[in-house]
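Keep in mind that the numbers below use all heavy atoms, side chains included, and drop hydrogens, waters and symmetry copies.
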Amino acid sequence: VEDSGRQAPDSGLQGCELPGGWDVIAARGYGHPLTEDATVRPLSVNCEIVAGGAETHVMCSTACGWKNGREIWWMDHDSEAGVLNLSTRGKLPASFSNIYEGLLAKQDAEGGPDCGVDFLFSAPEELTKALTGYHYDESQPEEVWHSLVSDPPKKKSWLGGLFKKLGIRAPAALGAT
């Protein structure tokens, strides 16, 4: 996967280096293969990865944290199971408790689970933002996004350098060589 040189909105796969040291790869579509365990596992060897997704039409959201090829934590919200639904496993980051309690307080203040608003939908994306500084629906002035393609040009890109630094090949699901 390499920088295509096109504007980010032209691509379904985009990359950005954040000031806090995180590299973000954003993929169009909820449940993109890039966020699947089989892809994240090898990418997380010798590093830490936070992955997630949100589908606002059906109010489903998910996030997970991986380190050294192992899932550390995972959470998933599915409003069809109820607005207070939030499934979790593993050791959630310390910041989760405050985020969760804050969203529950907002839900209660708005009228509880029957008020027509789903605050817990935001739990995965708020935790992702607390950990990395990235939120899929908020842009920061310092963000510079690049369209990424699976047929790399001859020049090197920051993403290719990231894969090389991690000592792994890009997953076949991305079509990289």
Side-chain angles (χ1 to χ4, degrees), residues 1 4 8-18 20-45 47-93 95-96 98-100 102-104 106-107 117-140 143-150 159 162-163 166 168 170-176:
V1 177
S4 70
D10 295 338
S11 172
L13 194 60
Q14 305 167 25
C16 177
E17 294 177 83
L18 296 181
W22 285 92
D23 294 309
V24 176
I25 300 173
R28 187 178 306 150
Y30 185 72
H32 190 280
L34 187 61
T35 63
E36 294 175 358
D37 291 356
T39 304
V40 177
R41 181 177 292 111
L43 288 176
S44 70
V45 173
C47 70
E48 184 175 3
I49 289 181
V50 174
E55 177 53 72
T56 58
H57 296 95
V58 293
M59 300 302 283
C60 290
S61 56
T62 190
C64 60
W66 287 72
K67 189 171 187 176
N68 295 323
R70 299 187 68 169
E71 183 185 83
I72 306 301
W73 60 269
W74 170 89
M75 69 169 54
D76 186 77
H77 173 75
D78 181 355
S79 66
E80 289 187 13
V83 296
L84 298 181
N85 165 266
L86 189 64
S87 301
T88 65
R89 69 176 172 248
K91 183 172 174 34
L92 293 165
S95 55
F96 169 72
N98 286 339
I99 292 167
Y100 180 71
L103 293 171
L104 281 180
K106 285 181 179 181
Q107 189 76 48
V117 180
D118 182 355
F119 285 96
L120 284 184
F121 168 79
S122 300
E125 63 199 54
E126 290 300 322
L127 182 57
T128 299
K129 181 181 176 182
L131 296 171
T132 67
Y134 174 74
H135 186 287
Y136 78 93
D137 204 25
E138 300 174 6
S139 62
Q140 304 299 322
E143 290 178 6
V144 177
W145 288 91
H146 305 275
S147 289
L148 306 174
V149 295
S150 58
L159 183 59
L162 174 64
F163 285 132
L166 296 174
I168 57 175
L174 296 177

Asker: Kindly compute the distance separating CD (E17) from CH2 (W22), expressed to the nearest 0.5 Å.
Answerer: 14.0 Å

Asker: Once salt bridge (charged side-chain N to carboxylate O under 4.0 Å, His left out) is applied, do any residues pair with R41, and if so which ones, sequence neighbours excluded?
Answerer: none

Asker: Measuring from S122:OG to Y100:OH, what's the distance to the nearest 0.5 Å?
Answerer: 14.0 Å

Asker: Mind listing the closest non-hydrogen atom pair of V83 and D118 along with its distance?
Answerer: O-OD1, 3.5 Å

Asker: Would a 4.5 Å heavy-atom cut-off, applied to side chains only, mark F96 and L131 as touching?
Answerer: no

Asker: So, the side chain of T35 versus the backbone of G31: is there a donor-acceptor pair under 3.5 Å, distance only?
Answerer: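 Not confirmed, T35 side chain does not pair with G31 backbone.
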
Asker: Evaluate the side-chain proximity of T88 to D76: yes if any heavy-atom separation is below 4.5 Å, no if none is.
Answerer: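 The answer is no, as the side chains (C-beta and beyond) never meet within the 4.5 Å cut-off.
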
Asker: Sequence neighbours left out, what pairs pass ring-ring contact (aromatic ring centres under 6.0 Å, His included) with at least one residue falling in residues 63-82?
Answerer: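 Checked against ring-ring contact (aromatic ring centres under 6.0 Å, His included) - neighbours excluded - no pair reaches residues 63-82.
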
Asker: Only counting residues at least two apart or in another chain, list the ones meeting ring pair (Phe, Tyr, Trp, His ring centres under 6.0 Å) with F119.
Answerer: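 Partners of F119 by the ring pair (Phe, Tyr, Trp, His ring centres under 6.0 Å) criterion come out as none, since no residue qualifies.
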
Asker: By salt bridge (charged side-chain N to carboxylate O under 4.0 Å, His left out), which residues pair with E80, not counting sequence neighbours?
Answerer: none

Asker: Heavy atoms only: give me the nearest L127-P93 pair and the separation to one decimal.
Answerer: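 Of all heavy-atom pairs spanning L127 and P93, the closest is CD2-CD, 3.9 Å.
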
Asker: For A130, give me all partners under side chain to side chain contact (heavy atoms under 4.5 Å, CB included), at least two apart in sequence or on another chain.
Answerer: S95, I99

Asker: Counting only pairs under 3.5 Å, give me each side-chain donor-acceptor contact of residues 51-61, with atom names and distances, residues two or more places apart or in other chains.
Answerer:
residue: E55; atom: OE2; partner: H57; partner atom: N; Å: 3.2
residue: E55; atom: OE2; partner: H57; partner atom: ND1; Å: 2.6
residue: S61; atom: OG; partner: F121; partner atom: O; Å: 2.7

Asker: By side-chain hydrogen bond (donor to acceptor under 3.5 Å, both in side chains), which residues pair with E143, not counting sequence neighbours?
Answerer: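 Partners of E143 under the side-chain hydrogen bond (donor to acceptor under 3.5 Å, both in side chains) test: W145.
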
Asker: Does Q107 have any side-chain hydrogen bond (donor to acceptor under 3.5 Å, both in side chains) partners at least two apart in sequence or in another chain, and if so, which?
Answerer: none

Asker: Looking at residues at least two apart in the chain, or sitting in another chain, which of them share a side-chain hydrogen bond (donor to acceptor under 3.5 Å, both in side chains) with R70?
Answerer: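 Partners of R70 by the side-chain hydrogen bond (donor to acceptor under 3.5 Å, both in side chains) criterion come out as none, since no residue qualifies.
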
Asker: Under a 3.5 Å distance rule, please check whether T39 uses its side chain to pair with a backbone N or O of P33 as donor and acceptor.
Answerer: yes

Asker: E126: which residues meet the side-chain hydrogen bond (donor to acceptor under 3.5 Å, both in side chains) condition with it, sequence neighbours left out?
Answerer: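 Counting only residues at least two positions away or on another chain, E126 forms no side-chain hydrogen bond (donor to acceptor under 3.5 Å, both in side chains).
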
Asker: What is the distance from atom CD of E48 to atom NZ of K67, rounded to the nearest 0.5 Å?
Answerer: 5.5 Å

Asker: Could you list all the salt bridge (charged side-chain N to carboxylate O under 4.0 Å, His left out) pairs where at least one residue sits in residues 81-92, not counting sequence neighbours?
Answerer: E71-R89

Asker: What closest approach, in Å, do I49 and S44 show between heavy atoms, and which atom pair accounts for it?
Answerer: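 For I49 and S44, the tightest heavy-atom pair comes out as CD1-N, 3.5 Å.
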
Asker: Could you measure the distance from the SG atom of C16 to the CD1 atom of I25? Nearest 0.5 Å is fine.
Answerer: 11.0 Å

Asker: Does the side chain of V24 come within less than 4.5 Å of L18's, by heavy atoms?
Answerer: yes

Asker: Donor-acceptor check, side chain of N85 to backbone of D78, threshold 3.5 angstrom: yes or no?
Answerer: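 Flag set: sc N85 to bb D78 pair under 3.5 Å.
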
Asker: Between E125 and Y136, is the side chain to side chain contact (heavy atoms under 4.5 Å, CB included) condition met? List the steps.
Answerer: CA-CA 8 Å; E125 63 199 54; Y136 78 93; 3.3 Å; yes

